[in-house]
Amino acid sequence: MRVTKIAMGVILLGTIHAASAFATNAEHATAAGSLANHDDAVINTFQVMCTLEPENFEHIGAKAQAMSMRKSTDRTEKQTADITRHLQVFEGTLTTGHFSLLLEKISGPAINATNCGVASNTPDKRAFFDDIVRTLHLSKNTSKRTILNGNSVITWDDVYGPHTFLDFTDVRGSNGVLVQLLDAPAKPE
């Protein structure tokens, strides 16, 4: 399954870049209220939207629409001749400020993956990282890399079982962070 993970990583490079764009959008730069509890609210949103039940692209999208979140992006594109990527981005507002929900479904003969993430600005990226590790009970076993656009990404492998990966992205040059869960189960050969 190492090949599947590497292929997903290559496909997701474009996703993280796109997510970085919406995380740094000026619309997210100022919150509607105090940011004192914004980090907790964003982490709770990530848990509710992305981790409480098995990832299902259609179900999460329907939940976002039922919550009256504004869909800002909805596109399907071919990544390769046999791999299709469907991306949806929803804009939401918590009582503490704005956030974006990223949904992605990647499918092809050897892959069927779903990615769910939440992006927002934070006044203290290190405190946000510490909060997410504590809240989600994440281990210290991580890998760290810098992707092509300069963003730093920390990854936990098999975080909720086999073939699940949680990424924390520090969006370079902004207060933006992106937390995303990728569920990439192996397809039978």
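The first residue of the sequence shown is numbered 1, and numbering continues consecutively from there. Computed from a predicted structure; not experimentally measured.
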Inset, instruction - Compare every heavy atom of L138 with every heavy atom of V159, then report the nearest pair and how far apart it is. - result: CG2-CD2, 3.3 Å
Inset, instruction - Output the distance between atom CG (D40) and atom OG1 (T135), rounded to the nearest 0.5 Å. - result: 6.0 Å
Inset, instruction - Could you tell me whether the side chain of W156 and the main chain of S139 form a donor-acceptor pair under 3.5 Å? - result: yes
Legend entry - Salt-bridge present (E91, K71; N to O < 4.0 Å): no
Inset, instruction - Could you walk me through whether L87 and L103 pass the side chain to side chain contact (heavy atoms under 4.5 Å, CB included) test, one step at a time? - result: CA-CA 6 Å; L87 174 68; L103 293 177; over 6 Å; no
Inset, instruction - Find out whether M49 and I60 are in side-chain contact, i.e. whether some heavy atom of one side chain is under 4.5 Å from a heavy atom of the other. - result: yes
Legend entry - L102 side chain reached by Q180 side chain, heavy atoms, under 4.5 Å: yes
Inset, instruction - Find out whether L166 and L136 are in side-chain contact, i.e. whether some heavy atom of one side chain is under 4.5 Å from a heavy atom of the other. - result: yes
Legend entry - Any R70 side-chain heavy atom under 4.5 Å of F90 side chain: no
Legend entry - Test item: N121 side-chain N/O and G176 main-chain N/O as donor-acceptor pair under 3.5 Å: yes
Legend entry - Donor on one side chain, acceptor on other, S120 and H38, under 3.5 Å: yes
Inset, instruction - Compare all side-chain heavy atoms of N115 with those of K105 and state whether any distance is below 4.5 angstrom. - result: no
Inset, instruction - Check whether any side-chain heavy atom of F46 sits under 4.5 Å from a side-chain heavy atom of L181, and report yes or no. - result: yes
Legend entry - Exercise: do N37 and T96 side chains pair donor with acceptor under 3.5 Å: no
Inset, instruction - Evaluate the criterion side chain to side chain contact (heavy atoms under 4.5 Å, CB included) for residue pair D131 and I43; output intermediate values, then yes/no. - result: CA-CA 8 Å; D131 285 348; I43 292 168; 3.7 Å; yes
Inset, instruction - Calculate, to the nearest 0.5 Å, the distance between atoms CD and OG1 belonging to E77 and T84 respectively. - result: 9.5 Å
Legend entry - Verdict with supporting geometry, F128 and V42, side chain to side chain contact (heavy atoms under 4.5 Å, CB included): CA-CA 10 Å; F128 185 96; V42 170; 4.0 Å; yes
Legend entry - Side chain to side chain, K144 and S152, heavy atoms closer than 4.5 Å: yes
Inset, instruction - Please determine if D130 and R126 form a salt bridge, counting it only when a charged side-chain N lies under 4.0 Å from a carboxylate O. - result: yes
Legend entry - Residue pair V171 / V177: nearest heavy atoms and the distance that separates them: CG2-N, 4.2 Å
Inset, instruction - Would you confirm whether D158, through its side chain, and H163, through its main-chain N or O, come within 3.5 Å as a donor-acceptor pair? - result: yes
Legend entry - Mutual orientation of the aromatic rings belonging to H86 and F57 [parallel < 30°, tilted 30-60°, perpendicular > 60°]: tilted
Legend entry - Nearest-0.5 Å distance that lies between atom CD1 in I154 and atom OG in S143: 9.0 Å
Legend entry - T80 side chain vs I83 backbone, donor-acceptor pair below 3.5 Å: yes
Legend entry - Donor on one side chain, acceptor on other, T155 and D167, under 3.5 Å: yes
Inset, instruction - Measure the shortest side-chain to side-chain distance between T164 and L182 over non-hydrogen atoms and say whether it is less than 4.5 angstrom. - result: no
Legend entry - From C50 atom SG to L101 atom CG, the distance as rounded to the nearest 0.5 Å: 6.0 Å
Inset, instruction - To the nearest 0.5 angstrom, please state how far the CZ atom of R172 sits from the CG atom of N151. - result: 7.0 Å
Legend entry - Rounded distance (nearest 0.5 Å) linking atom NZ of K63 with atom NE2 of H59: 4.5 Å
